[in-house]
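Have a look at the structure below before the remarks.
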Amino acid sequence: MARWAIGDIQGCFRTFSALLDQISYRSERDELWIAGDLVNRGAGSAATVDWIRRHPIKVVLGNHDLHALAVLLGQAKPKRKDTLDGLINHPHKPAVIEWLLAQPLTINADYWMSHAGLYPKWTFAQASGLAKEAQQFYRQQPERFFSQMYGNEPICWQESLEGIDRHRFVVNALTRMRWVDEAGNLDMSHKGPLNQAPAGLQPWFKLGDRSKSILFGHWAALNTPIPAPGVLALDSGCVWGQHLSAFNLDTQQWAQQPADPKDLIYV
Ligand SMILES: [Mn+2]
């Protein structure tokens, strides 16, 4: 039995399949964790979702998956570079929506995983509790949540936050965060590499709870698999023509599959 974690697939289904072959993944034997952004920008969003929802995978949702939900629920228009048509016209669209809504935003086990990482002011348990609260809210009132999900405010956590503002902050921190200032304010405008730190900001993983190792994706420009001790960066820029990575949770080995050109639309 092996346990592998894979980063941002973003619809690169051919590359994903080749990576599973490379690591000899067998669903009846092995465990697979996927760090979100299953869909969008690559050619095979629907194929990726269809394969994952037929297998026993530990998935967390990323910002692109939540955007896909907003579009599928009619609460957002597709953006120019979106590759969500296969999901929008999916013959089992209601089942796809139901499956996406049922996937968590964090996994809290011997490793902790979310798409963007751990907000420095939260413990692992607190972050996972807030994630469940947000998910419960958007499962119960999907139209209300997804029509108001977009936006960067509030930029800092306060326990007193309520309603949509509270859940928007939680979702932003878990799926879009990169740079944070000393006070815990999120900056959503910079995406660059570590050596281009914006003034007054540091990457989220310089601070915070390290009682277990963290798996995350979302930040392809980091270009380094272990940017801090116990912090495992799984997004190696597949959809931008680089690699899809898998990390073995037990042996700490990495496997990399070069992006299949047939998956790529914007390269
Ligand atoms: Mn992302």
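Just follow the structure's listing: the first ligand is 1, and inside any ligand the first atom is 1. In what follows, residues are counted from 1 in the order of the sequence shown.
When distances to the Mn ion (ligand 1) are checked against a cut-off of 2.8 Å, Asp37 contributes an N, O or S atom below that limit. The nearest N, O or S atom of His115 is closer to the Mn ion (ligand 1) than 2.8 Å. Coordination check, Asn63 versus the Mn ion (ligand 1): passed, since an N/O/S atom of the residue sits under 2.8 Å.
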Exercise answer: donor-acceptor pairs, residues 56-64 side-chain atoms, under 3.5 Å, sequence neighbours excluded:
residue: Asn63; atom: OD1; partner: His115; partner atom: NE2; Å: 3.1
residue: Asn63; atom: OD1; partner: His218; partner atom: ND1; Å: 3.4
residue: His64; atom: ND1; partner: Asn40; partner atom: ND2; Å: 3.2

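Every ring-ring contact (aromatic ring centres under 6.0 Å, His included) that His55 has, sequence neighbours left out, goes to Trp51.
Atom ND1 is the N/O/S atom of His218 found closest to the Mn ion (ligand 1).
In summary, Asp110 and Arg3 engage in a salt bridge, as defined by a charged side-chain N under 4.0 Å from a carboxylate O.
Relative orientation of the Phe216 and Phe205 rings is tilted, given thresholds of 30° and 60° on the angle between their planes.
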